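Below: one structure, written as structure tokens.
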Amino acid sequence: MSKGSSTQNYSTVFAEVASVEPAAVSFRDEVKVLILRQITVEGVDTLIKYHLFSRQIRPVIEFGGYGTVVQDILAPDGPVARSNPDVIVLALALDVLDQSYGSPGWKMDATRAELANVFDLLVSSTRATIAVHNFLAPLWSEQGLMNDAQGLDLASQVAELNRFVLDTVRAYAPRFVLMDWDRYLRQLGAAAALDERSRHLWHAPFKRQFLDLWARQIASLACALRGKAKKVVVLDCDNTLWGGVIGEDGLDGIQLDANVYPGRAFFEFQTTLLHLAKRGVLLTLCSKNNEADVFEVLEVHPWCRIKRDNLAGWRVNWNDKVTNISDLANDLNLGLDSFVFVDDNPAECALVAEMMPQVTVLQVPNKLHELPYLLLRDGLFDTLRVTAEDRERTSLYQEEGQRKAARSTFGSIEAYTRSLETVAIIHRVTPAEISRVAQLTQKTNQFNLTTYRYSEEEIRSFMADENTAMYSLTARDRFGTLGLVGVLIVRVDNHTARVDTFLMSCRALGRRLEDAMIQHCVSDLHAAREISSWEAAYIPTAKNAQVADFWPRLGLDEVNSANGRKLYACAAGTLLCNTTTFVRVEKD
């Protein structure tokens, strides 16, 4: 399936899904989706598959009974208990929640109470992420030109109900996520979104374009849970960040303006980029240009919103863009599947797409008024929560650039590593760290022994389990903070400690922090519990080959191997805690 392909030709979409589905069984990432519904939404499952197959995720999708939402949640053998879903998607109807909906004088109180009951049942019955939706007001006002002073018209009541839904989502975030049906309707228009005939005949109110927008958002949620959100935007400059060619048109000749089209389209696109940066997305430049010309725009042009301080890296030269993107990936220590490349030149886009199929390639649209939303429309960067580390990510990578520059002045890696004066703070995970710990399990790929993905709710449940020990590592050095960069999760069964998860952020690699963390945590667990043996696993992925020998290096012996997955064990006294003089562990 082609990345970013349109789903307007739905017969082709369904054929593509059917052709890919047998091979999707081999996808390592799986997400279980349960759709609890009071309306007919069949077809959305195929569209979800279409959008997830292109991201190498295999969805296992099940529908609950028609109009049996509460029973499906409560029944001991019902779909919620039986399937143990990762995501529960609600598809509710106002006239089913309250059969008096639409009657003169209808008020939303009974519907709100019924919704509150459903939400409470879900919170107490499952740890799944819940995709709830808002409701569509009638297209036509039953009161005509009049405005009800008390807000008793249907549109006002539905708006008040939607405020309750939004308040609930905010209260339970990130366990609850809003599927914005009202936004879909505004994007498509009623004629493309709604099917009144099918609503009356089969309780199927939505056309496939509406279902497709819904499926895209559900797929974005699944990608966020499985660590598939994109992390880097690679931007061309001429006719991408501004209109025209800076080397030919000069500073006063390029099109970039907050008030006049087409410059306004580029200005608003830069505003979108700033919003993404605030969410932790890294902005980089890859432009065939003179570097001085480009940075003159960033530093001097009155309407340029992107500044040097917003950039995590750049390659502004006359080299081919495939080489430059590869260099940026090496500098940032991130996989190419984390990258989105934006360029106006179809030849450049085609070259990158051909040579770097992991990269998502987006071409500047011919209709420039569509440019401001280019990076928002497909949810490529969607995550469930923005952490403190996300907000500081660009500065963290800029500090990493300073470290790399300093490295060249030392004669050996050991001398450089010692000069960093690295300090590690290691302790049991605190409630304030839950979001970041869950995020690391979802996004870390290279130094990750098992690559298990966990939600915040699952991390919270581990904290409440007396037989699970979770540790975090936060690091800093003379250049600044690295943030929370390490997680170790250990399950204790009698006197055996089993490592469930051990991961380190790519920012933390190459300074022996992993050794410091193992040494501290093993010592802490031995003091707290009578540990007689250790067990651990290595589950290979396309990205974690660098840690394939980690457990043998610590003295664990291989005891089982199947399909590349290796299990290791050792007696507690034989586990080698490699000491390091490069890291000072600080008690907080």
Side-chain angles (χ1 to χ4, degrees), residues 29-37 48 57 59-62 64 69-70 72-74 78-92 112 114-135 161-181 214 217-229 279-280 379 381-388 390 429-443 452-465 468 470 487 489 501:
D29 286 315
E30 173 188 283
V31 62
K32 292 183 286 186
V33 179
L34 172 62
I35 301 174
L36 302 180
R37 43 55 182 286
I48 294 169
I57 296 177
V60 178
I61 303 174
E62 180 179 350
V69 172
V70 172
D72 290 343
I73 298 171
L74 290 176
V80 171
R82 183 183 66 252
S83 63
N84 189 26
D86 300 299
V87 177
I88 292 177
V89 179
L90 295 179
L92 307 177
R112 180 174 59 189
E114 184 63 25
L115 276 179
N117 179 55
V118 171
F119 295 159
D120 289 343
L121 289 174
L122 287 169
V123 168
S124 61
S125 301
T126 176
R127 291 203 296 268
T129 299
I130 314 300
V132 307
H133 61 83
N134 49 22
F135 295 91
L161 184 65
N162 285 341
R163 280 192 290 272
F164 165 73
V165 172
L166 182 57
D167 288 343
T168 302
V169 170
R170 288 170 172 166
Y172 286 108
R175 280 206 63 195
F176 279 42
V177 178
L178 181 67
M179 304 284 107
D180 198 340
W181 284 8
W214 188 27
Q217 201 171 9
I218 296 168
S220 293
L221 169 57
C223 288
L225 288 172
R226 292 295 176 263
K228 297 281 187 174
R279 287 160 48 182
F381 303 95
D382 283 354
T383 57
L384 298 182
R385 188 189 290 274
V386 176
T387 66
D390 293 328
V429 171
T430 67
E433 295 173 326
I434 289 175
S435 297
R436 174 61 176 167
V437 169
Q439 183 186 66
L440 281 173
T441 69
Q442 294 161 11
K443 299 174 71 172
Y452 294 144
R453 311 297 191 186
Y454 291 122
S455 67
E456 287 190 25
E457 188 64 20
E458 288 170 317
I459 296 297
R460 191 171 285 108
S461 72
F462 293 161
M463 287 189 67
D465 182 0
T468 300
M470 287 195 301
V487 175
I489 303 176
T501 294

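Computed from a prediction, not measured in an experiment: that's the story for all the values here.
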Check: Would a 4.5 Å heavy-atom cut-off, applied to side chains only, mark T168 and V132 as touching?
Finding: no
Item checked: N/O donor-acceptor pair under 3.5 Å between R175 side chain and A128 backbone -> yes
Margin query: Assess whether a salt bridge exists between R279 and D382, defined as any Lys/Arg side-chain N lying under 4.0 Å from an Asp/Glu carboxylate O.
Written below: yes
Next item on the list: Supply the atom-to-atom distance Q217 CD to L178 CG, rounded to the nearest 0.5 angstrom.
Entry: 7.0 Å
Margin query: Would you compute the distance between atom CD of E114 and atom CG of N117 and round it to the nearest 0.5 angstrom?
Written below: 5.5 Å
Margin query: If you compare all heavy atoms of I57 against all heavy atoms of P59, which two are closest, and at what distance to 0.1 Å?
Written below: O-CD, 3.3 Å
Margin query: Test side-chain contact (heavy atoms from CB on, under 4.5 Å) on V429 and V487; report intermediate values, then the result.
Written below: CA-CA 9 Å; V429 171; V487 175; 5.5 Å; no
Item checked: Over all atoms of both residues, closest heavy-atom pair of F176 and V169 -> O-CG1, 3.6 Å
Check: Hey, are the side chains of Y454 and T501 touching, using non-hydrogen atoms and a 4.5 Å cut-off?
Finding: yes
Note to self: Given 3.5 Å as the limit, does a donor-acceptor pair link the side chain of D72 with the main chain of G78, or not?
What the structure shows: no
Margin query: For a side-chain contact (heavy atoms from CB on, under 4.5 Å) check, start with the C-alpha distance between V89 and V33, then their side-chain angles and the critical distance, and finish with the verdict.
Written below: CA-CA 7 Å; V89 179; V33 179; 3.9 Å; yes
Next item on the list: Return the minimal non-hydrogen interatomic distance between A224 and Q442, and the atom names on each side.
Entry: O-OE1, 3.5 Å
Margin query: Quick check: do K32 and S83 have side-chain heavy atoms less than 4.5 Å from each other?
Written below: no
Checklist line | Closest heavy-atom pair and its distance - L36, G64 | finding: CD2-CA, 4.2 Å
Margin query: Contact between R127 and S455 at the side-chain level, heavy atoms closer than 4.5 Å - yes or no?
Written below: no
Next item on the list: Could you check if a side-chain atom of V69 sits within less than 4.5 angstrom of a side-chain atom of I73, using non-hydrogen atoms only?
Entry: yes
Checklist line | Partner of N162 by side chain to side chain contact (heavy atoms under 4.5 Å, CB included), out of D180, D167, N134 | finding: N134
Next item on the list: Rounded to the nearest 0.5 Å, what's the gap from CG on L221 to CD1 on I48? Could you check?
Entry: 10.0 Å
Check: What class does the angle between the rings of W181 and H133 fall in, given that below 30° is parallel, 30 to 60° is tilted and above 60° is perpendicular?
Finding: parallel
Notebook entry, point to check: What distance separates F135 CZ from L115 CG, expressed to the nearest 0.5 Å?
Noted result: 4.5 Å
Note to self: Quick one, V123 and I130 - any side-chain contact, counting heavy atoms below 4.5 Å?
What the structure shows: no
Check: Just how far is it from atom OG1 of T126 to atom CG of L121, taken to the nearest 0.5 Å?
Finding: 12.0 Å
Note to self: Does this structure show an ion pair linking R453 with D86, if we count only N-O contacts that are shorter than 4.0 Å?
What the structure shows: no
Next item on the list: List the atom of V31, the atom of A222, and the distance in Å for their closest heavy-atom pair.
Entry: CG1-CB, 3.8 Å
Note to self: Tell me whether the rings of F119 and F164 are parallel (<30°), tilted (30 to 60°) or perpendicular (>60°).
What the structure shows: parallel
Notebook entry, point to check: Between atom CD of E456 and atom CD of Q439, what is the distance when rounded to the nearest 0.5 Å?
Noted result: 9.0 Å
